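Protein chains get the first letters and strands the later ones, always in sequence-line order, with residue 1 at the start of each. All heavy atoms count here, side chains included; hydrogens, waters and symmetry mates do not. Fair warning: this is a prediction, and the values are worked out from it, not measured in the lab.
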Amino acid sequence: MATSTLPTPAPLLHSIVLDWYREHARDLPWRTEQATPWAVMVSEFMLQQTPVKRVLPVWALWLERWPTPAALAAEPAGEAVRAWGRLGYPRRALRLHAAASAIVERHGGLVPEDHAQLLALPGVGEYTAAAVASFAFKQRHAVLDTNVRRVLARAVGGVEYPANATTAAERKLAAELLPQAPEVAAEWAVGVMELGALVCTARSPECGGCPLFEQCAWQRAGCPPHQGPPRRGQTYEGTDRQVRGKLLAVLRAQHGPVRRGQLDVVWPDEIQRARALDGLVSDGLVEPLADGHYQLPR
DNA sequence: AACCCGTGGGG
DNA sequence: TCCCCAAGGGT
């Protein structure tokens, strides 16, 4: 029996999390009634590895300028990269632009409701497809992001952190925990995520204020510290990523073509600088011109 | 599967 | 200060 692995009956977990969410949820603009599926999708792209606080202002400007996929698709990809600003991982801007184009071409300009069609869009992976289907269309999907994985690892698994990569066991557990009614499942999904974001945080969880304190397997086990392989921190200083960031910052600030010399000054190592620029070009983030100039893609 | 991809804030 | 990590996706 699958549910026998749960220390707490699922319906109890549901009511606890839903009650907590209804009282403590942040009122984020992409959660309002008037938020369109496109607005939800834009938020999900921006929230991939970028904190809510930094996303908020960019999201608002973005939707004011491009309220529909067609509006974004009608502009050069470089405008999306520019408007992305300093959210980080600018390939997401490129993919969001490509997703908008695909939505116009394949789906008549409307964000598709079907999970498989969402998953087929550029930049939409397992998490984002489930998130859009759940949050925008109130469907029943397991939404497994870093917050949910951490909550389940602790509350059910009894460990401090989940594995580095999502496992089949996690997917199975998340599917088992889904409430049957789609609307309830959708609220459960966002509720667990919110709990992970506000209470069951990675660094210093506020277990004293956690609604799941009494049923938490990690608490029962005495909050044992993380055991497995170290969660590798990603170095940044001196990497190609840093160089790419500096190069792209120059191109974002300038509206027309940029001379090669303006790019050369951002990084002393010529080899690495060239490699980073080549990478940006091959990624489609930068367009080389014939006369030694560069610009954001058109 | 492991690695690459930006940026900034909080503990 | 320094380090961790933040609603991941693609290869």
Name every donor-acceptor pair, under 3.5 Å, that has one atom in a side chain of residues 216-230 of chain A and the other anywhere in the protein, sequence neighbours excluded.
{"unit_1": "A/Trp218", "atom_1": "NE1", "unit_2": "A/Pro224", "atom_2": "O", "d": "2.8"}
{"unit_1": "A/His226", "atom_1": "NE2", "unit_2": "A/Pro229", "atom_2": "O", "d": "3.3"}

Q: Please determine, for the side chain of A/Ala202, which listed nucleotide (C/dG10, C/dC5, C/dA7) has the closest atom?
A: C/dC5
**Q.** A/Glu44 CD - C/dA6 C1' separation (whole Å)
**A.** 13 Å
(Q) Could you work out, with ring-ring contact (aromatic ring centres under 6.0 Å, His included) as the rule, every residue matching A/His97, not counting sequence neighbours? (A) none
Quiz: residues 56-63 of chain A side-chain donor-acceptor pairs under 3.5 angstrom, not counting sequence neighbours:
{"unit_1": "A/Trp59", "atom_1": "NE1", "unit_2": "A/Ala39", "atom_2": "O", "d": "3.0"}

**Q.** Lys/Arg-Asp/Glu bridge criterion (N-O < 4.0 Å) met for A/Glu79, A/Arg298
**A.** no
(Q) How would you summarise protein contacts on nucleotides 6-11 of chain B per nucleotide, using B for base, S for sugar-phosphate only and - for none, with heavy-atom distances below 4.0 Å? (A) BBSBBS
Indicate every side-chain donor-acceptor pair of residues 188-202 of chain A with a distance under 3.5 Å to a residue at least two apart or in another chain.
{"unit_1": "A/Glu194", "atom_1": "OE1", "unit_2": "A/Arg26", "atom_2": "NE", "d": "3.4"}
{"unit_1": "A/Glu194", "atom_1": "OE1", "unit_2": "A/Arg26", "atom_2": "NH2", "d": "2.8"}
{"unit_1": "A/Glu194", "atom_1": "OE1", "unit_2": "A/Arg31", "atom_2": "NH2", "d": "2.7"}
{"unit_1": "A/Glu194", "atom_1": "OE2", "unit_2": "A/Arg26", "atom_2": "N", "d": "2.9"}
{"unit_1": "A/Glu194", "atom_1": "OE2", "unit_2": "A/Arg26", "atom_2": "NE", "d": "2.9"}
{"unit_1": "A/Glu194", "atom_1": "OE2", "unit_2": "A/Arg31", "atom_2": "NH1", "d": "3.2"}
{"unit_1": "A/Thr201", "atom_1": "OG1", "unit_2": "A/Ser204", "atom_2": "O", "d": "3.3"}

Q) Hey, does the side chain of A/Ser43 come within less than 4.0 Å of C/dA7's phosphate (OP1/OP2), counting only N and O? A) no
Q. Separation of A/Leu96 atom CG from B/dC5 atom P, in whole Å?
A. 21 Å
Q) Please give, in whole Å, the distance from C/dA6 C1' to A/Phe45 CZ? A) 18 Å
Q. Rounding to the closest angstrom, what is the interatomic distance between C/dA7 and B/dC5 at atom P?
A. 22 Å
**Q.** Pairwise P distance for B/dG8 and C/dG9, with rounding to whole Å
**A.** 23 Å
Q: Kindly say if A/Thr128 contacts the phosphate of C/dG8, meaning a side-chain N or O under 4.0 Å from OP1 or OP2.
A: no
Q.
If I take atom CG in residue A/Asn164 and atom P in nucleotide C/dC4, what distance separates them, rounded to the nearest angstrom?
A. 13 Å
**Q.** Non-neighbouring partners of A/His24 that pass ring-ring contact (aromatic ring centres under 6.0 Å, His included), sequence neighbours left out
**A.** A/Trp20
**Q.** C/dA6 OP1/OP2 closer than 4.0 Å to side-chain N/O of A/Arg150
**A.** yes
